[in-house]
Amino acid sequence: MTAEAPTAPALSYGRLIPVTVHFDDLDALGLLHNARYPLMVERAWTELWQEHGFRFEGDWVAAGDACNAVKELRIGYEAPVTKPGTYAVHLWLERLGNTGLTYGFRFCSADGSVTYAHGTRVLVRLDAGTLRPAPWSEGFRAAGRELLRPAG
């Protein structure tokens with residue numbers, strides 16, 4: 001008789017994007033540096049949005065929905081990451097407004113079963129000429145609706 005490993009929880013919303021922690025991401029104590037968590041989350045979001053055709057390639061006007069700015073970032077740390085390797089970021093949208101959105105994230109084990117950090121970030125879509133809030137495109141909103149966390 002052999003013991004079976006517990007199965008990872010199925011995601012009922014959002015996406016799980018693989019990320020890699022490298023040796024040089026660790027601090028002097030051998031822990032993933034606190035500033036690396038938001039960076040890894042940003043890389044995961046960039047990958048996800050690029051899959052939908054939204055990217056920034058140096059031209060703010062051409063960037064469209066990728067022309068946005070962070071209004072707020074909140075992060076809580078649950079458990080230390082103590083070694084390099086493959087992990088994941090669970091991404092979802094909490095709110096999709098006309099010119100802004102709030103997304104949620106979890107930095108977790110590759111299978112999503114262990115949470116190391118979690119948080120939210122508020123983004124505002126900007127008009128490239130005025131840098132004032134501007135509405136998301138319908139294409140972006142459609143992609144975003146697929147990522148919304150169910151109410152409740």
Side-chain angles (χ1 to χ4, degrees), residues 5-22 25 31-82 84-152:
T7 57
L11 294 180
S12 61
Y13 59 91
R15 287 274 308 277
L16 199 60
I17 305 291
V19 295
T20 301
V21 171
H22 298 278
D25 291 320
L31 307 175
L32 181 58
H33 192 281
N34 69 84
R36 294 295 193 176
Y37 290 85
L39 178 67
M40 302 246 180
V41 171
E42 178 68 19
R43 289 176 180 166
W45 271 114
T46 298
E47 181 178 328
L48 186 143
W49 287 123
Q50 285 181 351
E51 288 176 10
H52 291 285
F54 302 103
R55 60 181 40 89
F56 177 71
E57 296 176 334
D59 180 345
W60 284 113
V61 174
D65 294 297
C67 182
N68 57 65
V70 175
K71 182 176 179 181
E72 176 181 287
L73 171 66
R74 293 177 184 253
I75 187 167
Y77 301 94
E78 300 296 323
V81 171
T82 60
T86 302
Y87 295 85
V89 179
H90 178 197
L91 305 170
W92 67 89
L93 292 185
E94 291 283 343
R95 181 189 65 83
L96 178 59
N98 186 46
T99 62
L101 62 80
T102 302
Y103 71 68
F105 64 88
R106 286 186 316 120
F107 189 91
C108 52
S109 57
D111 66 2
S113 65
V114 177
T115 299
Y116 297 101
H118 61 88
T120 59
R121 190 163 95 162
V122 177
L123 291 180
V124 177
R125 163 75 162 88
L126 300 176
D127 175 275
T130 65
L131 298 182
R132 300 289 306 151
W136 302 108
S137 69
E138 186 48 45
F140 184 89
R141 295 180 63 70
R145 282 191 289 272
E146 295 174 12
L147 298 167
L148 279 169
R149 181 179 187 169

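Excluded from the calculations below are hydrogen atoms, water molecules and symmetry mates; all remaining heavy atoms, backbone and side chain alike, are included. These figures come from a predicted structure and were not determined experimentally.
Distance check, rounded to the nearest 0.5 Å: CZ of R125 to CZ of R132 gives 14.0 Å. To the nearest 0.5 Å, the span separating CZ on R36 from CG on D25 amounts to 4.5 Å. Taking CG of L16 as the start and OH of Y87 as the end, the distance is 14.0 Å to the nearest 0.5 Å.
Inter-residue side-chain proximity for L91 and L147 is flagged as unmet; no heavy-atom pair is nearer than 4.5 Å. I75 places a side-chain heavy atom less than 4.5 Å from the side chain of F105. Proximity of V81 to Y37: side-chain heavy atoms (C-beta onward) are separated by under 4.5 Å at one or more points. In this structure, the side chains of L31 and T82 come closer than 4.5 Å at one or more pairs of heavy atoms. Residues L32 and Y116 fail the side-chain proximity criterion, which asks for heavy atoms closer than 4.5 Å. Considering only heavy atoms from C-beta on, W92 stays 4.5 Å or farther from L11 through its side chain. Here the side chains of V70 and L123 are in contact, with some heavy-atom distance below 4.5 Å.
Here the shortest heavy-atom pairing between M40 and V19 reads O-CG1, 4.0 Å. A pairwise comparison of heavy atoms in A110 and T86 identifies CB-O, 3.8 Å as the closest pair. Scanning both residues, A66 and W60, for their nearest heavy atoms gives O-CZ3, 3.9 Å. Closest of all the heavy-atom pairs between P38 and A35 is CD-O, 3.4 Å. H22 and P84 make their closest contact through C-CB, 4.0 Å (heavy atoms, listed as atom of the first residue, atom of the second, distance).
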Report the C-alpha distance between E42 and R121 in whole Å, list the side-chain angles of each, state the deciding distance to 0.1 Å, and finish with yes or no for salt bridge (charged side-chain N to carboxylate O under 4.0 Å, His left out).
-> CA-CA 10 Å; E42 178 68 19; R121 190 163 95 162; 2.4 Å; yes

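No donor-acceptor pair closer than 3.5 Å links the side chain of R106 to the backbone N or O of G119. Without hydrogens or angle criteria, H118 side chain to C108 main chain gives no donor-acceptor distance under 3.5 Å.
Here the options are N98, D127, T99, the test is side chain to side chain contact (heavy atoms under 4.5 Å, CB included), and the partner is P133; only T99 passes.
For CZ of R74, the number of neighbouring non-hydrogen atoms (other residues, nucleotides, ligands) closer than 6.0 Å is 12 at most.
Between F54 and H52, the ring planes are tilted. Angles from 30° to 60° get that label. Ring geometry, W49 versus W45: the interplanar angle falls under 30°, so the pair is classed parallel (tilted spans 30 to 60°). Ring pair Y13/H90 is tilted by interplanar angle, where 30° to 60° counts as tilted.
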